[in-house]
Amino acid sequence: EIGRRLGGAADAGEFRDHVAGQAHVPGGGDDLRGDGVVAAAGAEVTAVDISASRLERLHHNIARTGLAAEVIEADILDLGMTRCFDAVLLDAPCWATGTIRRHPELPYLKSDLHLGELVARQRAMLVAASERVIPGGMLVYATCSLEPEEGEEQIGWFLSRHADFELAMPPSTVPPP
């Protein structure tokens, strides 16, 4: 859905310059799901990840697909970048409860303390990512978690402190009652 949403905007010419992606999770930025769609639509993509091994897979996938992207190994919280982007996709580290079917051991490996640490990091990352979005641009926040603290509560927290952003539902999403 993220790739289709960003790709549709890129097809419509909404992203004329740059799109940035920050991923901290396997399957996030290294497979080009979101960034690849906008790169294929002609947008310039900057991919940022803290993990050298994920970036190695990303480089392989960029070469395999023939797409182009600027790749930066860094933590978004320590990036030091001043450039802003038409859109930023933040694939944040999370509790990963949405992957329990593939990883049934997850509930036994996680603790409430760990969740609180992740929520705090996600908040800091959201703020940092929002500072890289041009006025009128798009910030996409994604996790693979089913925990409200990492989803709707996190988005509510962010929007309550950043009046210059508003919630935009993807076209295929039905708002909650």
Open item on the list: My understanding is that only residues two or more places apart in sequence, or in another chain, count here; which of them pass side chain to side chain contact (heavy atoms under 4.5 Å, CB included) with Ile155?
Closed with: Tyr141, Leu159, Leu167

TODO: Specify whether Phe158 and His162 have parallel, tilted or perpendicular ring planes, treating 30° as the upper limit for parallel and 60° as the lower limit for perpendicular.
DONE: parallel

Task: Common cluster, Phe85/Ile134, ILVMFWY with side-chain heavy-atom separation under 4.5 Å - done: no

Task: In one Ile/Leu/Val/Met/Phe/Trp/Tyr side-chain cluster, 4.5 Å: Trp95, Ile100 - done: no

Spatial distance of atom [atom1] ([X]) from atom [atom2] ([Y]) [nearest 0.5 Å]:
X      : Y      : atom1 : atom2 : value
Arg132 : Thr82  : CZ    : OG1   : 6.5 Å
Ile72  : Ile50  : CD1   : CD1   : 13.5 Å
Thr65  : His60  : OG1   : NE2   : 9.5 Å
Cys94  : Leu115 : SG    : CG    : 10.0 Å
Thr143 : Leu118 : OG1   : CG    : 10.0 Å
Glu73  : Ser53  : CD    : OG    : 9.0 Å

Open item on the list: Check whether Arg161 reaches the backbone of Trp157 with its side chain - one donor and one acceptor, N or O, closer than 3.5 Å.
Closed with: yes

Task: Sidechain-backbone polar pair: Glu150 side chain, Val119 backbone, donor-acceptor under 3.5 Å - done: no

Give me the atom names and distance for the closest heavy-atom approach of [X] to [Y].
X      : Y      : answer
Leu106 : Thr99  : CD1-OG1, 3.2 Å
Ala74  : Leu79  : CB-CD1, 3.5 Å
Met138 : Val133 : N-CG1, 3.7 Å
Gln122 : Ala92  : CG-CB, 4.0 Å

- [ ] Check whether more than 12 heavy atoms from other residues, nucleotides or ligands sit under 6.0 Å from atom CD of Glu166, and answer yes or no.
- [x] no

Open item on the list: Is it the case that over 12 heavy atoms from other parts of the model lie below 6.0 angstrom from the CD atom of Glu152?
Closed with: yes

- [ ] Carefully, step by step, assess Leu109 and His103 under the rule side chain to side chain contact (heavy atoms under 4.5 Å, CB included).
- [x] CA-CA 11 Å; Leu109 302 174; His103 304 284; over 6 Å; no

Task: Close side-chain approach of Leu58 to Val71, heavy-atom, < 4.5 Å - done: yes

Open item on the list: Arg123: which residues meet the side chain to side chain donor-acceptor pair (under 3.5 Å) condition with it, sequence neighbours left out?
Closed with: Gln154

Open item on the list: Please enumerate all residues that pass side chain to side chain donor-acceptor pair (under 3.5 Å) together with Thr97, with sequence neighbours excluded.
Closed with: Ser145

Task: Option among Leu90, Val88, Asp164, Leu139 that satisfies the side-chain contact (heavy atoms from CB on, under 4.5 Å) test with Ser130 - done: Leu139

